[in-house]
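Numbers here simply count residues along the sequence, with the first being 1.
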Amino acid sequence: MSTQTVSVRRARAWGRHPCLRRPQVRILLDVYERVLDRNPGLPAGTLVMEHGGLAGPEQRARAVALGIPVTIQQPLLHDTAEVEEGFWGPERVARLFPARGWLDQGAQVSAGSDFPVGQFGAMRSVWGMTTRHTVIGVKGPEHAITYDEALTSAHHQRRPPVR
């Protein structure tokens, strides 16, 4: 029996971090689909996608169809954009945490951060999601969301995942 199945059968939430590569998001959704098939009737929010940083439109649609909420880690983008650009280039960094795409596709989005360095209060997340501002300027402005959407995401209740 998988770790995921044991966790959800014990009424524990289960979240994982397929942050930076599309294959990771696909694999996570494959696993979640199997868990949902084997455990019908799981409470909403039992399975969570932490970050979903580079999920494309097809993956976002699949997560929404499965009822998988996603967390957006905008403060992580804010503080690490310069380092990330050095490794991945500006185009990939600009695509990180596409809040607009998630919301437009009907996802349940929560905002915050589990990143241990930096100033990550709720209002910093709201500011970042509305401006897409980072330490090296605005990245991916097409992914910005409205203040009301960001505030709702920053205060969205979800079951905390067991790590």
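Under the 4.5 Å side-chain heavy-atom criterion for Ile, Leu, Val, Met, Phe, Trp and Tyr, W102 and L66 are members of the same hydrophobic cluster. Under the 4.5 Å side-chain heavy-atom criterion for grouping Ile, Leu, Val, Met, Phe, Trp and Tyr, V31 is connected to L54 within one hydrophobic cluster. In terms of hydrophobic clustering, with Ile, Leu, Val, Met, Phe, Trp and Tyr side chains grouped at heavy-atom distances under 4.5 Å, L42 and M49 are assigned to a common cluster. Connection of V93 to V135 is not established within any shared hydrophobic cluster, with ILVMFWY side chains joined at heavy-atom distances below 4.5 Å, either directly or through further cluster members.
You'll find the side chain of V109 stays beyond 4.5 Å of the side chain of E149, heavy atoms only. In this structure, the side chains of R132 and F97 come closer than 4.5 Å at one or more pairs of heavy atoms. Contact annotation: the side chain of L151 approaches that of M123 to within less than 4.5 Å [non-hydrogen atoms, C-beta and beyond].
In terms of heavy-atom proximity, A55 sits nearest to V25 at CB-CG1, 4.1 Å. Smallest separation of non-hydrogen atoms from P69 and G45: CG-CA, 4.0 Å. A pairwise comparison of heavy atoms in A111 and M129 identifies CB-CE, 3.4 Å as the closest pair. Between L76 and T80, the closest heavy-atom pair is O-OG1, 2.5 Å. Heavy atoms only, all atoms of each residue included: T130 and A150 are closest at CG2-CB, 3.8 Å. Scanning all heavy atoms of the two residues, the minimum distance from V126 to A154 falls at CG2-CB, 3.7 Å.
The pair R26-D30 meets the salt-bridge criterion, with a side-chain N (NZ, NE, NH1 or NH2) lying under 4.0 Å from an Asp/Glu carboxylate O.
The CD1 atom of I72 sits 7.5 Å away from atom CG of L103, with the distance rounded to the nearest 0.5 Å. In this structure, CZ on R100 lies 11.0 Å from CD on Q105, to the nearest 0.5 angstrom. Here CD1 of I145 is found 4.5 Å from OG of S153. Values are rounded to the nearest 0.5 Å.
For the residue pair E50 / T71, a side-chain donor-acceptor distance below 3.5 Å is found, with atom types taken as modelled.
K139 pairs with exactly one of E85, H133, H78 by the side-chain hydrogen bond (donor to acceptor under 3.5 Å, both in side chains) rule, that one being E85.
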| message | Please evaluate residues E84 and L77 with respect to the criterion side chain to side chain contact (heavy atoms under 4.5 Å, CB included), reporting the C-alpha separation (whole Å), side-chain torsions for both, the decisive distance (0.1 Å), and the verdict. | response | CA-CA 8 Å; E84 291 164 349; L77 173 60; 3.7 Å; yes
| task | Give the intermediate values and the outcome of side chain to side chain contact (heavy atoms under 4.5 Å, CB included) for residues E33 and D37. | result | CA-CA 6 Å; E33 189 167 33; D37 287 345; 4.2 Å; yes
| message | I'd like to know whether V70 forms a side chain to side chain contact (heavy atoms under 4.5 Å, CB included) with R60, so could you lay out the CA-CA distance, the side-chain angles of the two residues, the decisive distance to 0.1 Å, and finally the verdict. | response | CA-CA 9 Å; V70 65; R60 292 192 303 262; over 6 Å; no
| said: Quick one, I68 with L36, criterion side chain to side chain contact (heavy atoms under 4.5 Å, CB included). Give me CA distance, side-chain angles, the key distance, then yes/no. | reply: CA-CA 10 Å; I68 305 297; L36 289 167; 4.2 Å; yes
